[in-house]
Structure formats: structure tokens, C-alpha cells
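Worksheet for the structure shown next.
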Number of protein chains: 2
Amino acid sequence: MVTQSEENYLKAIYHLGKQGSISVSTNAIAEKMTTKASSVTDMLKKLAEKELVDYKKYQGVSLTKEGKIIAANVVRKHRLWEVFLVEKLNFSWNEVHDIAEQLEHIKSQKLINELDAFLGLPTHDPHGDPIPDREGNLQKSQKIFLSQVNPSVNCSCVGVKDSSDNFLKYLDKNSIAIGTAIQVLTKEAFDESMTIKINNSELTISKEIASNMYVKIN
Amino acid sequence: MVTQSEENYLKAIYHLGKQGSISVSTNAIAEKMTTKASSVTDMLKKLAEKELVDYKKYQGVSLTKEGKIIAANVVRKHRLWEVFLVEKLNFSWNEVHDIAEQLEHIKSQKLINELDAFLGLPTHDPHGDPIPDREGNLQKSQKIFLSQVNPSVNCSCVGVKDSSDNFLKYLDKNSIAIGTAIQVLTKEAFDESMTIKINNSELTISKEIASNMYVKIN
DNA sequence: ATATTTTTTTAGACAAGTCTAAAACATATT
DNA sequence: AATATGTTTTAGACTTGTCTAAAAAAATAT
């Protein structure tokens with residue numbers, strides 16, 4: 001049995017080390033989890049004992065195959081629940097994280113498979129991040145920042161980087177949401193601002209805005 | 001903050017003592033929670049400290065107003081999640097309990113209110129038990145056993161008492177589910193068996209079956 | 001009314017997960 | 001290479017929730 005706390009450590013290692021394959025430091029984990037390095041060391045020993053991580057003193061830590069599967073499954077659950085909250089229960093992007101942090105620890109294989117089907121087998125969560133499949137494989141996300149798109153290219157919004165309240169309100173005001181089609185019209189070399197076309201209306205956006213929105217080229 | 005464990009104790013007291021108003025014994029709680037009486041005593045002290053229960057040594061325990069609200073809310077969450085699992089995720093009655101035991105501890109007022117609305121403000125869970133409202137009030141359940149219904153009366157199935165696999169399979173086989181309309185045709189005085197009408201087809205059922213099904217008079 | 005049985009509480013111990021403070025190790029600087 | 005700085009681990013302590021074994025109180029039986 002893997003405890004809730006263990007799952008959280010595995011998830012942190014997974015996120016810090018590119019799906020857990022790269023070795024990450026004790027301090028990095030401590031910072032990510034807002035805990036103390038000594039607590040991390042204690043936990044790493046326990047996880048190594050259970051063969052969920054490869055750990056050598058002072059050498060950093062990475063996930064074993066088994067650890068990677070568990071971590072990917074936690075991430076899968078987290079992101080599926082986020083989709084559920086946004087699509088079915090009227091939550092907005094920035095409200096879902098804390099609740100998904102709780103829901104990701106619910107243990108039931110059937111539950112998560114049924115939820116997946118109920119949601120229509122989504123491949124990305126409301127922030128545009130990919131949802132690991134049952135085997136823990138990630139669909140290679142081909143999302144890029146809107147700021148990287150060249151004029152006259154058509155793309156559609158798939159997510160945001162920073163989902164602060166202010167930013168989401170800005171998107172709302174300009175009727176931009178997940179799936180909204182966007183065409184880049186012009187790109188100003190001086191300040192990297194852009195004009196874009198949404199639903200046949202033009203909009204000028206700053207570099208800050210453009211580099212906070214993820215899009216997919218159509 | 002109320003811990004998960006505290007919530008479980010409050011819930012046990014709530015169920016054992018008719019919504020927690022009647023005083024229940026240490027041993028009864030221990031048995032219900034499959035733990036030891038000494039552990040219960042420890043927890044009762046803590047809950048009394050937090051003014052969630054009225055507790056005097058050797059005198060049993062009952063919920064305070066505050067404790068009752070918390071317990072009712074846990075029960076509310078448990079039963080709403082059960083409805084969700086059965087109605088939306090294709091679970092059957094007997095599969096939902098363990099998962100609902102986990103989900104009932106998720107903390108988010110908005111989540112539970114939205115879920116409630118999403119499910120259409122249900123008043124009863126898949127077992128026919130009433131769902132406490134936001135204030136913790138129970139709708140007086142007017143469910144009775146099918147065995148108590150008199151001939152020629154129309155009613156509909158609202159739940160079962162014992163949800164063993166065998167029993168649920170029996171119901172399935174005879175196309176009886178929540179909401180199924182049932183008319184009692186005859187009642188045999190000798191063995192209390194009945195004939196009933198479901199979807200225009202007749203069925204004879206034993207006393208054992210009839211006294212394991214809850215119905216509501218139409 | 002006293003003895004016996006049952007229930008409940010206390011006392012002390014343990015595991016999980018965390019912390020602080022100090023020691024050990026690794027890295028960077030000169 | 002020696003020292004300074006930063007990182008990681010160890011040692012010991014604390015909290016929560018649990019347990020066992022023994023003591024205390026209450027209920028029951030004789």
C-alpha cells in the first residue's frame with residue numbers, strides 16, 4: 001500500500017524530473033512540497049525501501065519503473081478530476097487545483113476508468129496539460145505559446161500558463177476559452193505585441209498576454 | 001480543522017444514536033468502527049475538547065449541535081457521491097460504499113453544492129436512504145418494506161436493505177431497479193409470499209425477498 | 001449486600017510523518 | 001590544497017491515532 005504522503009512525494013519527483021527519469025535533489029523536492037529537507041530524506045529512504053525510487057545518499061533521486069507508474073497514475077487522476085470539475089460542475093480553471101489535490105488520492109481503478117469514459121476520454125486537462133493514459137504514457141503535447149506563432153497562421157487555444165484570476169477575467173472579457181480559434185494577423189517587432197482575430201473581431205494583445213497562452217497549430 | 005478520523009467518529013455516533021441525539025456507548029462505537037474501546041475513549045476526549053460531543057466519563061456520548069452539523073454533512077457527501085457513482089458512472093448499488101467512504105472526506109463546499117445540482121438535487125441515495133440537506137435536515141423517509149404493502153396498492157422501489165451480490169442479481173434478472181413501479185396483486189397468509197406486477201408481467205416473490213425491498217407508496 | 005462480570009478508562013508503547021539542531025558531505029573560491 | 005559555502009543526512013523530539021495490559025467504575029447475579 002502506498003500512502004497519500006508517499007504519492008505526493010512520487011508526484012513531486014515525477015514533475016521535477018521530466019516524468020521522473022532525471023535525478024532530482026532533496027532540496028528541490030523540499031521546496032516544491034514546502035517541507036524540510038530532513039523530512040524529504042526520511043521519505044526517500046522509505047520509498048527506496050519499497051523500490052519506488054532509486055536513491056543513493058547525496059546523489060539525488062529518480063523514479064523506478066514501478067514508481068513512475070504510480071506517479072503517472074496520480075497525475076492522471078488529478079487531471080481527469082480537473083476536467084470533471086470544469087466541464088461538469090462549473091468550476092473555472094483556477095479553482096480546481098486544490099480540490100484535485102484531494103481527489104487524486106481516491107483509490108479505485110474502476111472509478112477512474114469510468115470517470116475517464118464519462119468525460120469522453122479527454123487527452124488534456126483544462127490547463128492544456130496532457131493526461132497520462134492507463135499505462136502512464138503521455139501524449140506528446142504539441143502545444144506552444146501564442147507568442148511563438150507567426151502571422152497568418154491559424155491555431156486554437158488549448159490552455160494557459162499562469163491562471164491568475166486577473167488573467168482568466170481578461171480572457172473571459174475577450175471571449176477566449178479552450179478551443180477558441182485564433183488567427184495571428186500581425187506581430188510587432190518592437191514590443192512583440194500582436195494583433196489576432198477571434199470570431200471575426202480583431203484584438204491587440206501584449207507580449208505578456210501572448211506568452212501566457214498555449215495554442216495548438218491547426 | 002476536523003481530521004478525517006474525527007469525521008469518521010462523528011459519523012459513527014450520528015448513525016448509532018438516531019442522528020446523534022441519543023447517547024451511545026464507547027463499546028458500540030468501537031464495534032462499529034472495528035477499533036478498540038481505548039482508542040475510542042482517546043478520541044472522545046479530543047472531540048469533547050473541541051466541543052463536538054457531550055461526553056462524561058462512563059456516561060456515553062452524544063453530538064453537540066456543531067458536531068451534528070459536521071456529521072450530517074459527511075453523510076450528505078457520502079450519499080451524494082453514491083448517487084453520482086450509480087447514476088453517472090455505471091456502478092451498482094453494492095460497489096459504491098467503499099469509494100464513498102473515501103469521497104465523503106473531500107473538503108470543498110462548492111464541490112458538494114455543484115455536485116448536488118448536477119445530480120438534480122436528489123433526496124435519496126441508491127439504497128433508499130435520505131440525503132441530509134445543506135442544513136443537515138433529513139427529509140422524513142416514508143419508505144417501507146414491500147412486505148408491508150397491501151394487495152392492489154401501487155408503489156415504486158426506492159431501495160434495498162441487504163445489498164448482497166445475489167440479491168442484486170435477482171433484482172436484475174427480474175428487471176427491478178430504483179424507480180420501478182410495482183403493484184401488489186395478492187398476499188398469501190400462510191407463508192407471506194406475494195404476487196406482484198412489474199411492467200405488465202406477474203412475479204411471485206417470497207417473504208424474504210419482499211422484506212428486503214424498500215418501496216414508496218405512490 | 002457482596003461477589004462477579006462487563007464496560008470504560010488510564011498508562012505506557014509504537015508507527016508515520018514531521019520538525020530543529022547539529023554533523024557529514026559536496027562544491028566553489030581563492 | 002585549504003577554506004568557505006551550501007546541501008544533505010543524522011539524531012532526537014513531537015503529534016496523531018492506534019494498540020495492549022492493567023486499573024477503575026458500573027452493571028449484574030447470587
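So you know, we letter chains A, B, ... as the sequences are listed, proteins then strands, and number each from 1.
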Query raised in the report: Measuring from A:L89:CG to A:E95:CD, what's the distance to the nearest 0.5 Å?
Result: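 Nearest 0.5 Å value for the CG-CD distance: 11.0 Å.
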
Query raised in the report: About how many Å separate NZ of A:K68 and CD1 of A:I13, when rounded to the nearest 0.5 Å?
Result: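 Separation between the atoms: 12.0 Å.
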
Query - Given C:dT18, D:dT7, D:dC19, the nucleotide with the shortest approach to the side chain of A:N27 - result: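 Looking only at heavy atoms from C-beta outward on A:N27, the closest nucleotide is D:dT7.
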
Report task. Among the candidates C:dC19, D:dT9, D:dC19, find the nucleotide nearest to the side-chain atoms of A:K36. Result ->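 So the nucleotide nearest the side chain must be C:dC19.
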
So, OP1 or OP2 of [N]: does either fall under 4.0 Å of a side-chain N or O from [X]?
X     : N      : value
A:S39 : C:dT18 : no
A:T35 : C:dC19 : yes
B:K57 : C:dT10 : yes
B:Y9  : D:dT16 : no
A:S25 : D:dT7  : no
B:Y55 : C:dT8  : no
B:Y58 : C:dT6  : no

Please report the distance, rounded to the nearest Å, between [atom1] in [X] and [atom2] in [N].
X     : N      : atom1 : atom2 : answer
B:K56 : D:dA26 : NZ    : P     : 13 Å
B:M43 : D:dC19 : CE    : P     : 11 Å
A:I29 : D:dT7  : CD1   : P     : 14 Å
A:L44 : C:dT18 : CG    : C1'   : 14 Å
A:Q59 : C:dA26 : CD    : C1'   : 10 Å
B:D42 : C:dA15 : CG    : C1'   : 16 Å
A:E31 : D:dT7  : CD    : P     : 10 Å
B:N8  : D:dT18 : CG    : P     : 9 Å

Query raised in the report: With a 3.5 Å cut-off and no angle check, do the side chains of A:D125 and A:H78 form a donor-acceptor pair?
Result: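 No, because no side-chain N or O of A:D125 sits under 3.5 Å from a partner of the opposite role on A:H78.
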
**Report entry** Test ring-ring contact (aromatic ring centres under 6.0 Å, His included) applied to A:F118 - qualifying residues, sequence neighbours left out
**Finding:**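 So A:F118 forms no ring-ring contact (aromatic ring centres under 6.0 Å, His included) with any residue.
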
Query raised in the report: Taking the six-membered ring for Trp, are the ring centroids of A:F84 and B:F84 within less than 6.0 Å of each other?
Result: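 So the answer is yes for these two rings.
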
Report task. Check every strand shown and say whether B:T26 touches a base, only sugar-phosphate, or nothing at a heavy-atom separation below 4.0 Å. Result ->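 Sugar-phosphate only.
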
Query raised in the report: For the base of C:dT20, is there a side-chain donor-acceptor partner from A:S38 under 3.5 Å away?
Result: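 Result: at least one qualifying N/O pair found.
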
